[in-house]
Amino acid sequence: MALSLRAAASLAAPPAHLRPRRRATSMVRATVSPPPALDSRRRPQNVSGEFFVDHRCIDCATCRWMAPEVFKRVDDQSAVAAQPTSEEIRTKALQALLSCPTGSIHTDKPTEDILQVQNTFPLPINDDLPGVYLCGYHSENSYGATSYLIVHPEGNIMVDSPRYTPKLANQLEKLGGARYMFLTHIDDVADHRKWAERLKCERIIHSGDVEDITADAEWKLTGNGPWNIGTDFELIHTPGHTEGSVCLLYKPLKALFTGDHVAKSEESDDLNLFLMYSKQSVGVQLDSIRKLLDVDFEWFLPGHGYRIRYADVYAKNSAIEALLADYRN
């Protein structure tokens with residue numbers, strides 16, 4: 001599967017600048033048996049029982065969409081609202097524990113089946129999205145962003161970077177590894193260098209988001225695109241959140257991987273641009289949203305938050321028009 005760079009794409013490296021939102025803290029891995037000092041951080045908003053969330057939660061919402069039966073938002077952080085009532089729900093809670101970017105989810109005593117749950121990653125998303133997986137193991141360096149793996153006969157594609165763990169690397173290699181790592185924008189690159197070294201994949205990022213941390217990416221897109229990866233994938237330049245934000249369209253499955261460009265509101269089914277985190281003007285981001293009206297897709301697969309599936313392209317366009325109307329008003 002060849003990477004075709006249309007629209008005057010070339011290799012380039014603009015000056016670097018620091019990401020405002022990136023936190024320079026050390027990452028603490030998810031644990032399954034809290035020491036006494038950590039147990040003292042147990043949020044009082046948790047219900048009693050096996051699972052709990054500590055005070056280091058950064059409110060990324062990962063656990064809330066991975067195991068909504070267990071985790072809810074309480075006082076601006078996640079908390080256990082109900083203990084698992086079945087093995088299926090408990091497995092979801094343990095998957096959320098492993099995926100928590102700050103290791104803020106714990107069980108009150110060691111659990112032997114954590115090793116079995118590790119083997120469930122990467123997670124298939126939906127029967128109607130064959131070959132598309134959640135990598136799990138979200139990184140604090142990307143504020144808990146979601147990474148995906150697309151298994152494709154012409155070469156697999158990893159979308160954004162999860163936290164690097166040898167266990168996940170082993171699991172990904174069983175599925176064929178990755179030929180490309182597509183980085184939607186600078187915020188969600190996390191451990192991209194470690195993954196590139198392990199999987200020998202070529203990294204793709206727009207030159208508008210090239211900084212010191214991504215200067216060694218193998219492919220740097222320039223111009224406004226679109227660009228193609230083989231015949232099934234199209235890269236769509238959607239500046240606004242960052243100058244170099246790019247969405248990936250998986251055409252046969254009508255699925256759009258949006259990075260931080262747009263996502264679903266947690267409180268409703270409405271789309272949200274999360275403009276408080278955008279580095280460019282509202283007008284630039286709205287122009288990028290309008291561009292999606294002409295794109296044939298039914299799935300939003302965002303970097304943060306909840307997935308959306310529309311009944312058809314008309315329903316997708318209605319949601320986008322409603323979003324645009326909110327800003328016109």
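When reading the values below, keep in mind they use all heavy atoms of this one structure, side chains included, and skip hydrogens, waters and symmetry mates.
A distance below 6.0 Å separates the ring centres of Phe233 and His152. Ring centers of Tyr148 and Tyr133: at least 6.0 Å apart, outside the cut-off.
Listed by chain and number, the residues in a side-chain contact (heavy atoms from CB on, under 4.5 Å) with Asn126 are Asp128, Leu129, Trp299, Arg309 (sequence neighbours excluded). Listed by chain and number, the residues in a salt bridge (charged side-chain N to carboxylate O under 4.0 Å, His left out) with Asp127 amount to none (sequence neighbours excluded). The salt bridge (charged side-chain N to carboxylate O under 4.0 Å, His left out) search around Glu266 returns Arg64, not counting sequence neighbours. In this structure Asp75 satisfies the salt bridge (charged side-chain N to carboxylate O under 4.0 Å, His left out) test with no other residue, sequence neighbours excluded. Residues satisfying the side-chain contact (heavy atoms from CB on, under 4.5 Å) criterion with Ala79, sequence neighbours excluded, are Arg43, Gln45, Asn46, Val74.
With Met158 as the fixed residue, the side-chain contact (heavy atoms from CB on, under 4.5 Å) test singles out one of Arg179, His192, Met181: Met181.
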Which pairs of donor and acceptor atoms, one on a side chain in residues 244-251, lie under 3.5 Å apart (sequence neighbours left out)?
unit_1 : atom_1 : unit_2 : atom_2 : d
Ser245 : OG     : Thr242 : N      : 3.2
Ser245 : OG     : Thr242 : OG1    : 2.7
Lys251 : NZ     : Thr231 : O      : 3.1

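Taking 4.0 Å as the cut-off between side-chain N and carboxylate O, Lys264 and Asp270 do not count as a salt-bridged pair. Note on Glu218 versus Arg203: salt bridge recorded, some NZ/NE/NH1/NH2 to OD/OE distance being below 4.0 Å. By the 4.0 Å N-to-carboxylate-O rule, Asp108 lies too far from Arg42 to be salt-bridged with it. The pair Arg163-Asp191 does not meet the salt-bridge criterion, since no charged nitrogen lies less than 4.0 angstrom from a carboxylate oxygen. Ion pairing between Glu173 and Arg198 holds under the 4.0 Å rule for side-chain N and carboxylate O. Salt-bridge check for Asp260 with Lys279: failed, with every basic side-chain N at 4.0 Å or more from each acidic carboxylate O. Taking a cutoff of 4.0 Å between a charged side-chain nitrogen and a carboxylate oxygen, Asp76 and Arg73 qualify as a salt bridge.
Residue Glu50 qualifies as enclosed at atom CD: its count of foreign heavy atoms under 6.0 Å is above 12.
Side-chain contact of Gln171 with Lys174: a donor-acceptor pair under 3.5 Å is present, judged by distance alone. Of the N and O atoms on the side chains of Thr62 and His138, at least one donor lies less than 3.5 Å from an acceptor on the other residue. Side chains of Arg90 and Thr111: a donor on one and an acceptor on the other come within 3.5 Å. For Trp227 and Glu234, the side-chain atoms include no donor-acceptor pair closer than 3.5 Å.
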